[in-house]
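Since this is a predicted model, take the numbers as computed values, not measurements. In what follows, every chain begins at residue 1, and chains take the letters A, B, ... in the order their sequences are listed.
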There are 2 protein chains.
Amino acid sequence: MAQMRIKDIAAEAGVSPATVSRYLNNRPGQMTEETRARIAAVIERTGYRPRAAARNLRSSRTNLIGVILADIANPFSSAMLEGLSSSAAARGCSLMTAISGNDPAKEAESLVRLIDAGVDGLVVNTCGGNDEAIAAAAGRLPVVLLDRDVVDGGVDLVTSNNRELVAGLVDALAAAGSERLCLLTEASDDSPVRRERAEAFADELSRRGLAGEVVTLADGGATGVGRLDETIRGYAGKKLGLIAVNGLVFLRLTEALAQLGPSLPAGLKIATFDDYPWNHVLFGGVTTAAQDTLTIAERVVERLSERIDVVTTTVGEAAKLAPKRIEIPGHIEHRASTSR
Amino acid sequence: MAQMRIKDIAAEAGVSPATVSRYLNNRPGQMTEETRARIAAVIERTGYRPRAAARNLRSSRTNLIGVILADIANPFSSAMLEGLSSSAAARGCSLMTAISGNDPAKEAESLVRLIDAGVDGLVVNTCGGNDEAIAAAAGRLPVVLLDRDVVDGGVDLVTSNNRELVAGLVDALAAAGSERLCLLTEASDDSPVRRERAEAFADELSRRGLAGEVVTLADGGATGVGRLDETIRGYAGKKLGLIAVNGLVFLRLTEALAQLGPSLPAGLKIATFDDYPWNHVLFGGVTTAAQDTLTIAERVVERLSERIDVVTTTVGEAAKLAPKRIEIPGHIEHRASTSR
DNA sequence: TTGTACGCGTTATCAG
DNA sequence: CTGATAACGCGTACAA
């Protein structure tokens, strides 16, 4: 027999297909231990596997979770993917992934492709520019936003406690003696995350009466490095503290500083977001605001599952879950770059 | 109407479901431009989307490609995923991904889960330990191995030209004046890739009559670093050249060297595999053997598509494609670490 | 060129 | 506790 069907198993076990189906889904209406054993034996012996397409058609449930990632080159995203993958697998779900590469058009295309493929729910780490489409999608199936919000609101979001993390980095720099603080950002990055961190930074400065500013690097390496260099020189001798708003900016900062010499200019302190593997190597260790990617991933899948269960269980439009914002606390890794 | 079916579209357009189906799959037997337009209009107006589960059931084709990745933390893997994602999307396919995290048990589990989910084919970047299972899978559906081979052979493999890349790095070090060469590897990494690079390294040495050896770092940071330190000291003053067999080893090397000082000890030259973003920053730039991840990804999907088409088209056991080994040339990025 | 009718493999309903 | 039967939505011979 080329491909076993549930009917064949039933025949071999001397029961009806319905019973085998009940066995496969361990449904209420306990069956005799004897029938159960007979069915189990036949399935074991034949290596039968139910056809997913048929189940999907009948149950309109696929156990597939769609994931759209903005930038997989960012270690935050890859860590997230690993976390999502294992959390989903633990629930018997598989991941359908799409990488937008920060291209809104690709993101939009992925959105429809994944939905068309029949995913039960969607995890979106948006690159922006598709807020309406995402909100619309959230109206049709469970959607949980990852790290980056959409303007509309109304969609679940799981993110880090960015404000506290900013405060933690400011603390570290202040404790290391920095008198003047800069938050380094990139012009091309206008994500809500960057904005939130920038706002929190400004708040922290005014709350403590510290001097400082947000420095936006122009795009394209050279200009950015020049701008940075200028900033550092401008503050020379003033006990400057620098915070890179994300790992990419930190890398550009490192490049710029490398031109000034292998170690940090006297009195310059540094801290950054995103715990990249090289953070504990460069400059003898860089103080870092690390996000708890594993917990974030777990909560994302958990929340999505809740929504999926509601959709599956509920008949009409009853019991709509209210949109929820979930903040997962990260922590500060104190390293040599902010030691006194 | 809650959910449109092909029958509803047909009714609205005043044609039969079969015609709409033909339209959706642009099948032979061209239809009148007029009917085509009428159907298109109705679909456009209603926003109808065919149900994937039903098509899958009928056609036993899902347009899904399963991807199993050993280590997503490795930038090689994330770059690969992005490449696979876009190559697949270009062919109208989606990716079902699983991350094994170098755990053979998880890899085995992913294998069955993805196959059960009905993927048309499988891309496997194996962590080892499942050679039989993978070979068995390759007998049941199209499988293309990514970067890492299985012992059995008999399965398609797409990889880099590791031997030439090793030769290129040896060239670079020799040209920089290194008289004695070490290839740094990790004990825990016993992948075919590492072995291939180690063999090529030995061959290159003997071919050129150069002195050198393969140094295996013990696992666990401290011991490894100690061993490394020892090696470097042992060769002190002998114009040593170091090749890190992959990005992780290079990072550990960097740590060890950081303890000796911020710049390279006099006469020490370095080169590494894997073009991580920090490679052009550390030590003023590290000469790197970079793999062409985009091309690799494209060829993987292309090859997999070939196999899928054969399976779909062919009736019996005819026209089995012979297993193929595809090597994609990478290139050497010459940087400051191997300058004279 | 178009329509009719059947079956893909599974699950839900209902009766026994 | 178990079995018969009817869908789920679509593709495709075959007939017209």
Side-chain angles (χ1 to χ4, degrees), chain A residues 1-40 42-43 46-64 92 115-118 120 311-313 315, chain B residues 1-40 42-43 46-64 115-118 120 312-313 315:
Chain A
M1 198 156 315
Q3 276 292 28
M4 282 285 182
R5 300 161 304 167
I6 201 173
K7 183 200 293 185
D8 303 316
I9 303 301
E12 293 232 10
V15 297
S16 81
T19 304
V20 178
S21 175
R22 277 188 283 259
Y23 168 87
L24 290 171
N25 304 286
N26 33 320
R27 272 289 145 61
Q30 312 300 346
M31 61 197 80
T32 312
E33 185 49 48
E34 194 214 323
T35 31
R36 175 184 304 280
R38 255 216 319 280
I39 296 175
V42 175
I43 290 182
T46 60
Y48 164 78
R49 314 256 54 185
R51 216 87 73 223
R55 316 182 89 146
N56 299 345
L57 178 58
R58 242 340 275 224
S59 61
S60 62
R61 238 247 200 205
T62 55
N63 290 312
L64 255 41
I115 293 178
D116 281 355
D120 288 337
V311 170
T312 308
T313 308
V315 274
Chain B
M1 197 157 313
Q3 276 292 27
M4 282 285 182
R5 298 160 307 166
I6 202 173
K7 183 199 295 185
D8 303 315
I9 302 301
E12 291 232 12
V15 298
S16 83
T19 305
V20 178
S21 174
R22 279 187 282 257
Y23 168 87
L24 290 172
N25 305 287
N26 33 317
R27 272 288 142 63
Q30 312 300 345
M31 61 199 79
T32 313
E33 185 49 48
E34 194 214 323
T35 29
R36 175 183 303 280
R38 257 216 318 281
I39 297 175
V42 175
I43 289 182
T46 58
Y48 164 79
R49 314 255 56 184
R51 217 87 73 220
R55 318 181 85 146
N56 299 346
L57 180 57
R58 259 320 292 222
S59 61
S60 62
R61 240 262 205 189
T62 55
N63 290 313
L64 254 42
I115 293 178
D116 281 355
D120 288 337
T312 308
T313 308
V315 275

Exercise. Between the axis at one end of the helix from dT1(C)-dA16(D) to dG16(C)-dC1(D) and the axis at the other (five pairs apiece), what's the angle to 10 degrees?
Worked result: 30°
Exercise. Does Arg58(B) have any salt bridge (charged side-chain N to carboxylate O under 4.0 Å, His left out) partners at least two apart in sequence or in another chain, and if so, which?
Worked result: none
Exercise. Looking at residues at least two apart in the chain, or sitting in another chain, which of them share a salt bridge (charged side-chain N to carboxylate O under 4.0 Å, His left out) with Arg49(A)?
Worked result: Asp116(B)
For this session: List for me each residue that meets side-chain hydrogen bond (donor to acceptor under 3.5 Å, both in side chains) alongside Arg55(A), sequence neighbours excluded, and say none if there are none.
Result: Asn25(A)
side-chain contact (heavy atoms from CB on, under 4.5 Å) with [X]: which residues, sequence neighbours excluded?
X	value
Ala54(B)	Leu57(A), Arg51(B)
Ala10(B)	Val15(B), Pro17(B), Val20(B)
Asp120(B)	Arg61(B), Thr62(B), Asn63(B), Ile308(B)
Ser16(B)	Ala18(B), Thr19(B)

Exercise. Would you say Arg22(B)'s side chain and Arg27(B)'s backbone share a donor-acceptor pair under 3.5 angstrom?
Worked result: no
Problem set entry | Whole angstrom value for the distance that separates C1' of dT11(C) from CG of Asn26(A) | 14 Å
Problem set entry | Distance in angstrom units between Ile39(B) CD1 and dT2(C) P, rounded | 8 Å
Exercise. Just by protein heavy atoms under 4.0 Å, how would nucleotides 6-16 of chain D read 5' to 3' in B, S and -?
Worked result: BBBBBBB----
Exercise. Hey, is the side chain of Thr32(A) poking within less than 4.0 Å of OP1 or OP2 on dT2(D), counting only N and O atoms?
Worked result: yes
Exercise. What nucleic acid atoms does Thr35(B) come within less than 4.0 Å of, heavy atoms only: base, sugar-phosphate, or nothing?
Worked result: sugar-phosphate
